[in-house]
Amino acid sequence: MTGDSDWHVYMLRCADQSLYTGVTKDLQARLTQHNRGKASRYTRARLPVEIVYAEPAADHGTALRRELQIKKLARAEKEQLIVTAK
């Protein structure tokens, strides 16, 4: 059963060490899509990618708002978020 509470915000580390942020309902399926070059033009050119951070979101809107918050963070703040989540 998949409800709105299944949403996640995630960050990927690309092969070039850049970070990509997105939202999904299925982390593993989305990672597979990224690594097959089927999810994002950005990650397609920077394969392989790995999930380095994920957090649950209450619903799709909340996930999208959090994604924007993370995207606005400085690189050092994103790295700190990754470290504190481990």
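Computation of the quantities below employed the complete heavy-atom set of this structure, encompassing side-chain atoms and omitting hydrogens, waters and symmetry-equivalent molecules.
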**Prompt:** Got I82 and L19 here, is their nearest side-chain heavy-atom distance under 4.5 Å?
**Reply:** yes

**Request:** Quick one: pull up NZ in K25 and CH2 in W7 and give me the separation to the nearest 0.5 Å.
**Result:** 6.0 Å

**Item:** side-chain contact (heavy atoms from CB on, under 4.5 Å) assessment of R13 paired with E79
**Value:** CA-CA 10 Å; R13 186 174 309 279; E79 293 289 354; 2.9 Å; yes

**Reported OG1-to-OH distance for the pair T24 and Y10, which is rounded to 0.5 angstrom** = 6.0 Å

**Prompt:** For the atom pair OG1 (T21) and CG (L12), what is the distance rounded to the nearest 0.5 Å?
**Reply:** 8.0 Å

**Asked** In terms of hydrophobic clusters joined by side-chain contacts under 4.5 Å, are L47 and L27 together?
**Response** yes

**Message:** As an exercise, state the distance from CD of Q33 to CZ of R30, rounded to the nearest 0.5 Å.
**Reply:** 5.0 Å

**Fill in**
Output for pair (D59 CG, L64 CG), nearest 0.5 Å, gives 9.0 Å

**Item:** Sub-4.5 Å side-chain heavy-atom contact between K78 and M11
**Value:** yes

**Item:** Set of ring pair (Phe, Tyr, Trp, His ring centres under 6.0 Å) partners for Y53, sequence neighbours left out
**Value:** none

**Prompt:** Which residues pass the side chain to side chain donor-acceptor pair (under 3.5 Å) test with S18, sequence neighbours left out?
**Reply:** D16, Y42

**Asked** Looking at residues at least two apart in the chain, or sitting in another chain, which of them share a side chain to side chain donor-acceptor pair (under 3.5 Å) with T43?
**Response** H34

**Closest contact, heavy atoms only, V49 versus L31** = O-CD1, 3.7 Å

**Prompt:** Heavy-atom count around K71 NZ within 6.0 Å, excluding the residue itself: above 12?
**Reply:** yes

**Message:** Please say yes or no: joined through hydrophobic side-chain contacts below 4.5 Å, possibly via intermediate residues, are V9 and L73 part of one cluster?
**Reply:** yes

**Check against salt bridge (Lys or Arg N to Asp or Glu O under 4.0 Å), K72 and E67** = CA-CA 9 Å; K72 290 179 182 179; E67 175 189 22; over 6 Å; no

**Message:** With a 4.5 Å cut-off on side-chain heavy-atom distances among I, L, V, M, F, W and Y, is there a chain of contacts connecting V52 to Y20?
**Reply:** no

**Asked** Regarding T32 and N35, is there a side-chain donor-to-acceptor distance under 3.5 Å anywhere?
**Response** no

**Prompt:** Does CZ belonging to R75 count more than 12 external heavy atoms closer than 6.0 Å?
**Reply:** yes

**Asked** Any donor and acceptor pair, going by atom type alone, linking the side chain of T62 with main-chain N or O of A58 inside 3.5 Å?
**Response** no

**Asked** Are Q69 and R66 close enough that a side-chain donor and a side-chain acceptor fall under 3.5 Å?
**Response** yes

